[in-house]
Protein chains: 2
Amino acid sequence: MTKAVPEPVTKLVDAFARLPGIGPKTASRLTYYLLRAPDEVTNKLADALTNLKSQIKFCSTCFNITLDDPCPICSDPRRDHHLIAVVEEPLDVLALEKTGVFDGVYHVLHGAISPVNGIGPDDLKIRDLVKRVEQGDAVEIVIATNPGQEGDATAFYIHKELKPKGVKITRLARGLPVGGDIEYVDAVTLSRALQGRSEL
Amino acid sequence: MTKAVPEPVTKLVDAFARLPGIGPKTASRLTYYLLRAPDEVTNKLADALTNLKSQIKFCSTCFNITLDDPCPICSDPRRDHHLIAVVEEPLDVLALEKTGVFDGVYHVLHGAISPVNGIGPDDLKIRDLVKRVEQGDAVEIVIATNPGQEGDATAFYIHKELKPKGVKITRLARGLPVGGDIEYVDAVTLSRALQGRSEL
């Protein structure tokens, strides 16, 4: 009875359903939406997908996504190349850039140590970071991994690897999120905020 | 500072964000997922999108999506061509086919009358339905639009148009959903279930 659904439709539903956070129902809904939407919507999406992998590469210095190698940040002489922020994902670079207060360069690990998911240090760009510190003239490494178990494990491992190299290693402060309400802040964050309190 | 995001990435984020139910955050997440996923995932999605519009057409009889015109259902001699179920969307055909109890054919309206969204009868395949009834040998039209305000308005309009043609017009029963709990059923559904009660 399922001959009611032509193959190109089921194929697109299946392709959408392989994306994270998109279940079979959403995949159907998207597919049937595109069937009725102007051709231009579908074409733009198809072209963008094709161009993504063909045009994007990873910077051989910081491993951020880029069109040109080295990336615009690594090749910018106005940035402080002695200061390297270590982040998990390219999206984290974006978040730090948006603050407008960081003028150093980056190192993208492409993940965090996660024994549960079978991700060890060698699956990340940690060796490349150590090599970069050994060969370069880094003065400070700001570890900006996520404030959670995996980010903490990754920070700990990197700290252990880099300490013998004589470079200064710092980590982003933990504390109350700006605009947050103490009443609703979780106990761990609140205790970190207490431990890290500063004099006025 | 946003030169940290190469154009192919922002283009794909924008293309995803144009889809219904996908906001900018989800669009970013999908894009960065694809950057790290095997090429095959991206390629399959791009190919499926390209094939969708080039291979899929609408059946000139029932307006369901199909590879061949007329569609497999309309060209199936074992189906009852005197019995036509009128539905809003191709997905509704699928839902009815899954029941395995309907052996008639379909007519897909491609929407419902919705003054709020500026959709009138002429934006739907209602004229084509009237023509089909006039030119064919339909005996019964089962109106299977959604049980809501727009579906009701559409059913009412179709009923008004088809009544003079001397064809039997029915509508799907309203009542308790199987497996539902009376305690949690809304008052409108419950009153419909009472009105439509049948003798045991």
Side-chain angles (χ1 to χ4, degrees), chain A residues 1-9 11-16 18-22 26 28-37 39 41-56 58 64-68 71-73 76 89-91 93-94 96-98 100 106 110-111, chain B residues 1-9 11-16 18-22 26 28-37 39 41-56 58 64-68 71-73 76 89-91 93-94 96-98 100 106 110-111:
Chain A
M1 281 289 205
T2 43
K3 65 180 176 182
V5 188
E7 207 199 357
V9 174
K11 275 200 172 157
L12 184 55
V13 172
D14 291 345
F16 271 131
R18 283 189 67 177
L19 302 180
I22 295 194
T26 308
S28 290
R29 198 168 45 74
L30 292 175
T31 302
Y32 283 89
Y33 166 80
L34 288 175
L35 274 169
R36 287 205 293 158
D39 283 1
V41 177
T42 312
N43 294 342
K44 274 205 175 159
L45 185 54
D47 291 348
L49 283 162
T50 310
N51 291 338
L52 185 73
K53 289 284 180 138
S54 63
Q55 295 182 6
I56 294 288
F58 295 106
N64 194 9
I65 50 169
T66 181
L67 284 175
D68 310 299
C71 76
I73 294 176
D76 186 343
E89 302 292 347
L91 275 173
V93 172
L94 204 54
L96 284 166
E97 285 296 286
K98 274 188 191 149
Y106 295 94
H110 289 280
Chain B
M1 281 290 203
T2 44
K3 67 179 174 182
V5 189
E7 207 199 358
V9 174
K11 274 199 173 161
L12 183 55
V13 172
D14 292 345
F16 271 130
R18 284 190 64 177
L19 301 181
I22 295 193
T26 308
S28 289
R29 199 169 41 77
L30 292 175
T31 302
Y32 283 88
Y33 165 79
L34 287 175
L35 274 168
R36 285 205 291 159
D39 282 2
V41 177
T42 312
N43 293 342
K44 274 205 174 158
L45 185 56
D47 291 348
L49 283 163
T50 310
N51 292 337
L52 185 73
K53 290 283 181 141
S54 63
Q55 295 181 5
I56 293 287
F58 296 106
N64 193 9
I65 49 169
T66 180
L67 284 175
D68 310 300
C71 75
I73 293 177
D76 187 343
E89 302 291 348
L91 274 173
V93 172
L94 205 54
L96 283 166
E97 285 296 286
K98 274 188 192 151
Y106 295 93
H110 288 281

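In the text below, chain A, chain B and the rest are named by the order of the sequence lines, each starting its count at 1.
- With a threshold of 4.5 angstrom between heavy atoms, A:I56 approaches chain B through side-chain atoms but not through N, CA, C or O.
- Ranking B:L67, B:L52, B:T42 against chain A, the residue ahead of the rest is B:L52, based on heavy-atom pairs under 4.5 Å.
- From B:F58, atom CZ reaches atom SG of B:C71 across 12.0 Å, with rounding to the nearest 0.5 Å.
- Here A:L34 is the residue among A:L34, A:I22, A:D68, A:N51 with the most heavy-atom pairs under 4.5 Å with chain B.
- The greatest number of non-hydrogen atom pairs below 4.5 Å with chain B, out of A:H110, A:R29, A:R36, A:Q55, is found for A:R36.
- Within the 4.5 angstrom heavy-atom criterion, no atom of A:Y106 approaches chain B.
- Taking A:D39 as the reference, B:K53 meet the salt bridge (Lys or Arg N to Asp or Glu O under 4.0 Å) condition, with sequence neighbours excluded.
- Note: B:L19 leads B:V13, B:V41, B:L19, B:D14 in heavy-atom pairs under 4.5 Å with chain A.
- Of the atoms belonging to A:L30, it is side-chain heavy atoms, and not backbone ones, that fall under 4.5 Å from chain B.
- Using a 4.5 Å cut-off between heavy atoms, A:T31 touches chain B through backbone and side chain atoms alike.
- For the atom pair A:L12 CG and B:D47 CG, the distance stands at 11.0 Å (nearest 0.5 Å).
- Your options are B:T50, B:L91, B:T66, and the one with the most heavy-atom pairs under 4.5 Å with chain A is B:L91.
- Annotation: maximal heavy-atom pairing with chain B below 4.5 Å, among A:N43, A:T26, A:V9, occurs at A:V9.
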